[in-house]
Amino acid sequence: MTTDDLIAFLRARLAALEARAEHLHEGQGCSAHSEFSWGYEYNAQDCDCGEPQRVLAEVDAKRQIVERCIGVIAEQNNHLIGLDEVGGIPLAEDTLKLLALPYAEHPDYREEWRL
């Protein structure tokens with residue numbers, strides 16, 4: 001497994017999700033959507049469903065997980081700590097793979113990342 005490629009993949013997916021977050025709402029029940037005869041219009045300032053904020057919080061949490069996994073792998077590779085005895089690198093790499101799993105249908109996803 002190329003961990004750097006997996007990390008780049010995850011960072012790209014999280015950036016894409018973050019960019020879409022303000023347009024993600026819990027359907028027509030959100031005040032950000034106004035019905036017209038031809039469909040729905042979106043007004044971000046009227047959002048009351050909380051979905052964009054939840055998505056942004058999820059992106060932030062996942063970024064923190066990715067960064068902590070990177071730290072564990074880097075520290076182990078530099079022999080600063082002996083985490084390999086308790087599964088440090090395998091656990092960090094498995095965590096990264098699990099974070100990538102929801103994107104398995106993405107064209108850039110690699111089957112080697114699947115657990």
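Computed from a predicted model, the values in this text were never measured in an experiment.
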Qualifying salt bridge (Lys or Arg N to Asp or Glu O under 4.0 Å) pairs with a residue from residues 99-110, counting only residues at least two apart or across chains: D5-R110
Sequence-distant partners of R20, salt bridge (Lys or Arg N to Asp or Glu O under 4.0 Å), two or more places apart: none
Partner set under salt bridge (Lys or Arg N to Asp or Glu O under 4.0 Å) for R54, not counting sequence neighbours: E51, E58
Partner residues of I70 under the side-chain contact (heavy atoms from CB on, under 4.5 Å) criterion, sequence neighbours left out: I7, R11, V66, E67
Other ILVMFWY residues reachable from L98 by side-chain steps of under 4.5 Å: L115
Straight-line distance of E112 CD to T2 OG1, nearest 0.5 Å: 6.0 Å
Distance, nearest 0.5 Å, that separates CD1 of I89 from CG of D94: 12.0 Å
Option from R13, Q64, E18 for which side-chain contact (heavy atoms from CB on, under 4.5 Å) with V59 holds: E18
Mutual orientation of the aromatic rings belonging to F9 and W113 [parallel < 30°, tilted 30-60°, perpendicular > 60°]: tilted
Working for side-chain contact (heavy atoms from CB on, under 4.5 Å), residues T95 and V72: CA-CA 11 Å; T95 300; V72 166; over 6 Å; no
Transitive ILVMFWY side-chain link L10 to V55, under 4.5 Å: yes
Contact summary for P52 and C47, nearest pair of heavy atoms: CD-SG, 3.8 Å
Flag side-chain contact, heavy atom, 4.5 Å: L99 against L14: no
